[in-house]
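Values below: every heavy atom of this structure, side chains too, minus hydrogens, waters and symmetry copies. Throughout, a chain's letter reflects where its sequence line sits, starting with A, and its residues are numbered from 1.
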Amino acid sequence: MLHLRDVAKRYGAVPVIRNVTCTIHPGTVHLLLGDNGAGKTTLLRLMARLASPTAGTVEYDPPSRQCAFLGHAGFLYPGLTALENLRFWRDAQRLPKSDAHLLELLDRVGLAAHAHRRAAVFSRGMAQRLSLARVLLQQADILLLDEPGTGLDAASRTLLHDEVKQARDRGAAVVLITHDVAQDVRLADRVLLLRNRTLAYDGDVGGFQEAAA
Amino acid sequence: MIRLAKAMARKDLTLVLARGNGLAQALLLGLLLIFVFSLSREAGQPVTPQEAATVFWLSSAFCQVLVFNRLFALEETGEARLGLLLLPAPIQAVWLGKAIAGFCLLLLAQVCFLPAAVALLGQDLSGPLTEGALALLLVDLGLCAVGALLGALATGQGARESLLSVLFFPLQVPLLLAGIKLGAQTFGLSLPDGPGSWLRMALAFDGVFLGAGLLLFGFLYSGDA
């Protein structure tokens, strides 16, 4: 589990997040919603511990839990091929996966035919699928996905949904930022809604839909 | 930690060597420096071993700045730095990997600079070669340890090249001094006190820079994204 207690974040004098308290549960897909500038990405980065809170705490329980992060940039090296990118992240994390497994993964995201092409020549959608393969490779306990559907076509979005469901089924906690609420709410178990820089709703999907109606 | 460091170094060397991502500029600048200095003398006028060693290490120092600037820029394109910060390994592994890659690239450049210095500056390798090689390795080790540390400091800065140069050169002075003295000996100059004190100085600064890298890299590299 991941606990946030009274978390606040400000950049200089500008407050971005204030008084956020919530728990991210394993085996659950959390939809993180809010208007542009509501602080969703900042909150996700705080959860990933890529940023330190100005106040409050972010705790992993147990502390050894690992998270995978898919942000607006995909953590890819444009000069490396798709396979080399996955090899690097595999080796960096000491994952006991063979090249055959990496090729399977590329096949799963529809990039098998492009395994030996440099990421620099990939379209936005292809790069996003390669980033998704990097996240899936890790088999992390917590998946933090910041608008992962951006740039994906319909088939790739279906693939993304399948992978998110699989991650939930193996017990991973998933936090998903999206603007396509109608599509992605079907995936979700819980909703976190940011409004006025704080958490306005934290509950199940049914309650959120009732409140919205 | 070692595994991540190896993966980092392998990835960086692949990008720089196999994909032509930046070494050519560093090599050309170093060679140009040696060539231009060779023109500063009248024909037949000898270049002293100490002058030749100074030009050799000046080329190496400029090359090192460009190499580490390039190595740390590799993580900026796809925000891969953030991915590295999430890895379940000590972040010092990134410093070690960058230092190893930088060391290999600097040595490779010096393999080109040395014959250029010998040929263009009229030197011969008449001094003790074992001590010369040991000095080269010790000085390079310190330069790369501090290069990988300060490269992290300049990450994401608009004026990265200038910042790196300003930070690098004052810190490098003791190592460069040792390199110049020991290099001059390799080119045939006799050192009155022998090479021992210069080798010990290089070793001491290696220790300082390696320790500083291990202790400080995490603070410099893992600031708020």
Considering residues, nucleotides and ligands other than N19(A), do more than 12 of their heavy atoms fall under 6.0 Å from its CG?
-> yes
Answer with side chain, backbone, both or neither: which region of R134(A) has an atom nearer than 4.5 Å to a non-hydrogen atom of chain B?
-> neither
Count the heavy atoms of every other residue, nucleotide or ligand shown that sit under 6.0 Å from CZ of R170(A), and state whether that count exceeds 12.
-> yes
For R124(A), does the CZ atom have more than 12 heavy-atom neighbours from other residues, nucleotides or ligands under 6.0 Å away?
-> yes
Taking everything shown except E59(A) itself, do over 12 heavy atoms lie less than 6.0 Å from its CD?
-> yes
Got a second to check how far L87(B)'s CG is from Q138(A)'s CD, nearest 0.5 Å?
-> 7.5 Å
Inter-chain contacts: residues 5-13 of chain B against chain A, heavy atoms under 4.5 Å = A7(B), M8(B), R10(B), K11(B)
Spacing of CG belonging to L15(B) relative to CG belonging to L80(A), to within rounding of 0.5 Å = 4.0 Å
For R49(A) and L85(B), run side chain to side chain contact (heavy atoms under 4.5 Å, CB included): C-alpha distance rounded to whole Å, both residues' side-chain angles, the deciding distance at 0.1 Å, then the answer.
-> CA-CA 9 Å; R49(A) 293 190 285 199; L85(B) 294 176; over 6 Å; no
Kindly compute the distance separating CG (L144(A)) from CG (L86(B)), expressed to the nearest 0.5 Å.
-> 8.5 Å
When Y77(A), F88(A), F69(A) are compared by non-hydrogen pairs under 4.5 Å with chain B, the top option = Y77(A)
If we only count heavy atoms from C-beta on, is the Q93(A) to L4(B) side-chain gap below 4.5 Å?
-> no
What is the distance from atom CG of L76(A) to atom CD of E79(B), rounded to the nearest 0.5 Å?
-> 11.0 Å
Verify the neighbour count for atom CG of D61(A): are there more than 12 heavy atoms of other residues, nucleotides or ligands below 6.0 Å?
-> yes
